[in-house]
Engineer: 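I have a structure here, written as structure tokens, and I will follow up with some questions on it.
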There are 2 protein chains.
Amino acid sequence: MKITLKDIARELEVSISTVSKALKNSEEISRDTKEKVQAFAKLYNYKPNNIAISLKNKRTKNIGVVIPDIVHHFFTTVIRGIEKYANARGYNVIVCLSEESFDKEVINMEMLANGSIDGFIMSLSSETQQKGDYNHLKEVTEQGIPVVLFDRITNEIDCDKVIIDDELGAYMATQKLIEQGRKKIALISTDDYLSVSKARTMGYKKALTDSGLGVDESRILKLPTMEMDEMGIKDFFEEHPEVDAVLCVNEIFAVYSMRLAQEKGLKIPEDISFIGFTDGFLSKYAYPSLTVVAQHGEKMGEISAQMLIDKVEGEKGEEETFLTKTLEPTLVIRDSIFH
Amino acid sequence: MKITLKDIARELEVSISTVSKALKNSEEISRDTKEKVQAFAKLYNYKPNNIAISLKNKRTKNIGVVIPDIVHHFFTTVIRGIEKYANARGYNVIVCLSEESFDKEVINMEMLANGSIDGFIMSLSSETQQKGDYNHLKEVTEQGIPVVLFDRITNEIDCDKVIIDDELGAYMATQKLIEQGRKKIALISTDDYLSVSKARTMGYKKALTDSGLGVDESRILKLPTMEMDEMGIKDFFEEHPEVDAVLCVNEIFAVYSMRLAQEKGLKIPEDISFIGFTDGFLSKYAYPSLTVVAQHGEKMGEISAQMLIDKVEGEKGEEETFLTKTLEPTLVIRDSIFH
DNA sequence: ACATAGAGCGAAAACGGTTTCGTGTTGATA
DNA sequence: TATCAACACGAAACCGTTTTCGCTCTATGT
């Protein structure tokens, strides 16, 4: 069903080499032959086999994306950014999900590292960040496979990185709440092993310290993972009825917290304000709509893809230089705070 | 950096064939040699090159997924289902986004169809369904590449299909509203060229007819696409203040409609009820939480992947039989209706 | 008439594996 | 001692390309 160079060569009684050259419009081949071959190829809809070309060139034009989760809006927008950019440059995207598991991350990378892809774009699973074991990344970079880390990164690996300034984002958000007269600002975060949560917590504390309000550690809730923990949040609010503003490290925590506040009869933002991270559908269509620190996932995906492909296509000779690109977060003001 | 059979053979002064067989524990090779080769391979972390194996076997162990959008919860859960199942069977997933564009769908398929994948799982772009042009699918199936269509399907192509019973889902939802005493039920849908919208509209009408309420066409809003059209929805509600319940073909339309109702001072569900399609974060965390027709995306992904891989790995000799698997929708009752 | 340049094409290696088919050596058997 | 099976291994084809190198013509110039 699929026609090959050999088929064309046999049919036209020329050599395979001639066919190959003719299809590439080589000067070596006569006008006549080229026309014959090209016409035949077109007629039978010849398309070169990607696998054979990959084997020859040692380049697959595939990039591997390994992320913890695909159901969250942020990762989804990053993929979209990667996809768009990569496609425009002729690359396909192989998506693998680690589901926050170290083992799956390792297995996925191993599956892809044996020739299936030209480079990796990844965001570390929480388990990986928790263990602090990055040998799978080391192995891959030592094999000469380029890697770009985004969002959940580590300093232990030398490679290109793309992040937003999480600390600044949290700082901006907290400061905004302080400006509006809030004095008892809570933070709903996750354990510090997640690089982003750690940075956001720092930004939150810094804003409180800079403004002279001071940090009350008991107003910081650290959930074990990014997954929803309804009881954990509920209990936290029971113990902290004094809180007049809440910063959350994602939009789900924030929207759920708003619901709890509303069920208690609190008015938003009159009685209590909320800010989350990630500018997704939830924030936009929540009631009231949620003010968030936008992470610009699509842009992040684009830049990651660009850095990776530039490295993949760059001359091997160049001395390796790795950069970390930091994007500025943006505060998207909506009805969950005053404006 | 990457070691090959040839390297091992040279180093150990045996032939490539011997190395290959030794690594596969072939009976042909002596105990001694096998141990030597395997130890050496382990030491230098030998892993066979996937591309070479693909070329030889004419099987890539990759499956191509072409979907209109990745930012919507439904597609995201389908991908997750596909990923999980495919990975468990040793397959990788290449994701391509058509972004509702016919041309992109065609280009993506052509990129992948030349050896990069063993089969396709796809959901048609709206533009494709609108044009009714399925030649790109025909070409692919004629080349012998298996295809599984899910959700947005067409009858023009013979292949396996996985859908939910959209008509039944809409019927169940509408009937539920009727049971609760609603008499003026609106439908917010999209143009009928989208197979799912068409089916849902039929279910809605059928329920109204069966109950004797009758269909009022003016209470059906058909938006041009699945994208949000805030003005369209707003205008619709201005013109239809009498409406006491709304069925929406997705969760965004529903959540946005709820917001409009709330801003007008209506109580949900006392004054007006809402039901949407897709059981995503939005529905769960909206305020009030939204009753939806769950589409079981993850299950759909799993089944699609299973059907595809079974076909890919099946004997070529078998006569082709295509089946359409229809999943039962489920009504997830939440606070946007009585319960 | 003869060397020579260049046009046009083909043979073969290479990418990294798998697999079939041979072949040389060994030891047992008649 | 001649025969033969079993054992252990290697050669080579193959998957579908690309690309280098060399060969054979023909036409040109002297």
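Computed from a predicted structure; not experimentally measured. Throughout, protein chains are lettered first and strands after them, A, B, ... in sequence-line order, and every chain is numbered starting at 1.
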Engineer: Distance check, rounded to the nearest 0.5 Å: A/T4 atom OG1 versus A/D7 atom CG?
Structural biologist: 3.5 Å

Engineer: Which nucleotides of nucleotides 9-14 of chain D have their base under 4.0 Å from a protein heavy atom (B), which only their sugar-phosphate (S), and which neither (-), written as one string 5' to 3'?
Structural biologist: BBBB-B

Engineer: Whole Å only: how far is the CD1 atom of B/I51 from the C1' atom of D/dG16?
Structural biologist: 13 Å

Engineer: Would you please name every residue forming a side chain to side chain contact (heavy atoms under 4.5 Å, CB included) with A/L194, sequence neighbours left out?
Structural biologist: A/S126, A/Q129, A/R152, A/T190, A/S197, A/M226

Engineer: When rounded to the nearest 0.5 angstrom, what distance separates CG in A/L97 from CZ in B/R80?
Structural biologist: 8.0 Å

Engineer: Grab the CG-P distance between A/N50 and D/dT18 for me, whole Å please.
Structural biologist: 11 Å

Engineer: Take the protein atom CZ of A/R59 and the nucleotide atom P of C/dG16, then report the distance between them rounded to whole Å.
Structural biologist: 15 Å

Engineer: Does a side-chain N or O of B/Y46 approach OP1 or OP2 of C/dG17 to a distance below 4.0 Å, or not?
Structural biologist: yes

Engineer: Could you check whether B/S20 gets within reach of a base, just the sugar-phosphate, or nothing at all, counting any heavy atom under 4.0 Å?
Structural biologist: base

Engineer: Grab the N/O contacts between the protein and nucleotides 23-26 of chain C below 3.5 Å, and write none if there aren't any.
Structural biologist:
none

Engineer: Could you give the distance from CD1 (A/I67) to CD (A/E105), rounded to the nearest 0.5 Å?
Structural biologist: 11.5 Å

Engineer: Which whole-number value in Å describes the distance from B/I53 CD1 to C/dG16 P?
Structural biologist: 13 Å

Engineer: Separation of B/L5 atom CG from C/dT19 atom C1', in whole Å?
Structural biologist: 13 Å

Engineer: Rounded to the nearest 0.5 Å, how far apart are CD1 of A/I157 and CE of A/M122?
Structural biologist: 9.5 Å

Engineer: Pairs in or reaching into residues 15-61 of chain A: which pass ring-ring contact (aromatic ring centres under 6.0 Å, His included), with residues at least two apart or in two chains?
Structural biologist: A/F40-A/Y44

Engineer: Grab the CG-C1' distance between A/L23 and D/dT19 for me, whole Å please.
Structural biologist: 15 Å

Engineer: Going by distance alone, is a donor N or O of one side chain under 3.5 Å from an acceptor N or O of the other, for A/T33 and A/S30?
Structural biologist: yes

Engineer: Rounded to whole Å, please give me the gap between NZ in B/K47 and C1' in C/dG17.
Structural biologist: 16 Å

Engineer: Name all pairs fulfilling the ring-ring contact (aromatic ring centres under 6.0 Å, His included) condition that reach into residues 91-146 of chain B, sequence neighbours left out, sorted by first residue then second.
Structural biologist: B/F102-B/H136

Engineer: Provide, to the nearest angstrom, the distance between the CG atom belonging to B/D7 and the P atom belonging to C/dA14.
Structural biologist: 14 Å

Engineer: Identify each donor-acceptor pair in which a side-chain atom of residues 303-310 of chain B lies under 3.5 Å from a protein atom, sequence neighbours left out, and give them as a table.
Structural biologist:
from: B/S304; atom 1: OG; to: B/M300; atom 2: O; distance (Å): 2.6
from: B/D310; atom 1: OD1; to: B/R89; atom 2: NH1; distance (Å): 2.8
from: B/D310; atom 1: OD1; to: B/R89; atom 2: NH2; distance (Å): 3.4

